[in-house]
Amino acid sequence: MARVYNFSAGPAVLPEEVLKEAAEEMLDYKGTGMSVMEMSHRSKAFDDIIKTAEQDLRDLMNIPDNYKVMFLQGGASQQFAMIPMNLMKNKVADYIVTGQWAKKAWQEASKYGKANKIASSEDQTFSYIPDCSDLPISDDADYVYICENNTIYGTKYKELPNTKGKTLVADVSSCFLSEPVDVSKYGIIYGGVQKNIGPAGVVIVIMREDLITEDVLEGTPTMLQYKTHADAQSLYNTPPAYGIYICGKVFQWLKKMGGLEAMKKRNEEKAKILYDYLDSSKLFKGTVVEKDRSLMNVPFVTGDEEMDAKFVKEAKAAGFENLKGHRTVGGMRASIYNAMPKEGVEKLVEFMKKFEEANA
Ligand SMILES: *Cc1c(COP(=O)(O)O)cnc(C)c1O
């Protein structure tokens with residue numbers, strides 16, 4: 001068996017321990033004589049799985065009691081519509097556009113009401129986070145929307161925007177559980193799990209209870225109403241059961257690793273190894289304003305497309321996979337999520353140094 005160092009932005013690396021456990025339980029989950037894939041979502045065994053997963057997530061993130069946790073489907077992209085459909089009571093929302101995902105969310109919301117782009121960093125290829133301390137928040141905005149970590153461009157909000165009292169909604173797909181957060185500052189925190197938590201097919205929505213109402217836009221399908229899923233404890237219809245099971249295992253792994261404070265420390269150490277090298281290298285350079293750098297997604301370039309392609313090819317041959325940058329940015333991107341071991345980053349930097357020497 002040869003495992004590679006997988007720097008994919010998503011679906012992405014998972015803890016090896018979790019994969020091994022899942023393999024051991026594949027044919028017979030805890031004496032049930034069946035795989036979790038084969039069991040009823042109404043069974044006692046699955047009830048334990050989903051309840052334990054939710055409790056572990058609540059413990060990890062310190063989720064207050066007045067927040068619901070929902071395990072949904074449709075990916076983060078479905079939330080781009082579900083959020084305005086459920087929250088746009090005044091049909092007005094403010095969007096801060098810091099990358100492709102925020103832009104898509106803003107465009108989708110425009111279908112349902114007045115979605116104001118109140119700030120953007122598109123003028124500089126989304127390489128920074130705009131100053132959000134005093135934005136022109138609309139008086140009648142139903143919410144303010146951000147994408148907290150920009151997977152493609154490698155930026156992260158180090159401070160949340162001043163929403164002037166409006167509900168904050170955040171897509172945290174690519175920084176979910178990478179560091180502690182104060183859930184009480186948000187109305188909704190959500191993310192697809194395939195970046196930093198589990199297999200594709202599950203999206204986790206953490207939502208303040210008072211925002212979950214029947215007062216949604218006319219014509220909103222039952223399946224796209226948060227209330228449907230909140231009332232049914234995520235079991236209104238068949239949930240993505242196997243995915244939830246793996247997420248639960250990752251939550252337990254995170255607890256064993258010391259929780260989110262410990263993950264933050266580990267992630268900072270890992271990212272520093274790579275950023276320090278990029279700052280000192282004569283061949284490679286990072287593409288993001290230093291203060292806004294993400295701990296999870298690290299884009300970099302040589303400035304020469306042929307050299308970039310050569311690097312990606314040689315890195316792949318050496319066991320470093322998925323380093324090619326997003327098609328809209330070019331260059332390279334190393335995604336170094338929770339499950340990427342420090343050793344993976346150290347080895348990558350060693351390889352980059354050798355490549356730099358050979359191509360000086
Ligand atoms: C990947 C990603 C998405 C899209 O997720 P899907 O599950 O494919 O819909 C949205 N937002 C962010 C920040 C992402 O990284």
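Each ligand, and each atom within it, is numbered from 1 in the order the structure gives. What you see is a predicted model, and the numbers here were worked out from it, not measured in a lab.
Not a single heavy atom of Gly192 sits closer than 4.0 Å to an atom of ligand 1. Note on ligand 1: Cys147 sits in its first shell, one or more heavy atoms being nearer than 4.0 Å. Within the structure, the closest approach of Gln194 to ligand 1 falls below 4.0 Å when heavy atoms are considered.
The protein heavy atom nearest to atom 2 (C) of ligand 1 is Lys195 NZ, 2.4 Å. Scanning all protein heavy atoms for the shortest distance to atom 11 (N) of ligand 1 gives Asp171 OD2, 2.6 Å.
Close contacts between ligand 1 and Ser173 involve ligand atoms 11 (N), 12 (C), 13 (C), 14 (C), 15 (O) [criterion: under 4.0 Å to a heavy atom]. Those atoms of ligand 1 with a heavy atom of Gly75 less than 4.0 angstrom away are 7 (O), 9 (O). If you number the atoms of ligand 1 from 1 as listed, the ones under 4.0 Å from a heavy atom of Thr151 come out as 12 (C), 13 (C), 14 (C), 15 (O).
For the pair Asn149 and ligand 1, the shortest N or O to N or O distance does not fall below 3.5 Å.
Counting heavy atoms only, Ser77 comes closest to atom 9 (O) of ligand 1 of the residues Ser77, Cys175, Ala105. For atom 3 (C) of ligand 1, the nearest non-hydrogen atom from the set Tyr190, Phe176, Trp101 belongs to Trp101. Considering each of Ala76, Ala200, Ala170, Gly201, the one bringing a non-hydrogen atom nearest atom 10 (C) of ligand 1 is Ala76.
The distance from the CZ atom of Arg333 to the OG atom of Ser8 is 7.5 Å, given to the nearest 0.5 Å.
A salt bridge links Lys265 with Glu269: at least one charged nitrogen is closer than 4.0 Å to a carboxylate oxygen. Checked for salt-bridge contact, Lys353 and Glu357 miss the test: no charged N lies under 4.0 Å from a carboxylate O. Ion pairing between Lys30 and Glu25 fails under the 4.0 Å rule for side-chain N and carboxylate O. Between Glu346 and Lys270, none of the side-chain N atoms (NZ, or NE/NH1/NH2) sits under 4.0 Å from a carboxylate O, so this pair counts as no salt bridge. Between Lys313 and Asp308, no side-chain nitrogen of the basic residue sits less than 4.0 Å from a carboxylate oxygen of the acidic one, so the salt-bridge criterion is not met. A salt bridge links Glu16 with Lys20: at least one charged nitrogen is closer than 4.0 Å to a carboxylate oxygen.
Asp56 and Gln252 share a donor-acceptor pair across their side chains, judged by distance under 3.5 Å alone.
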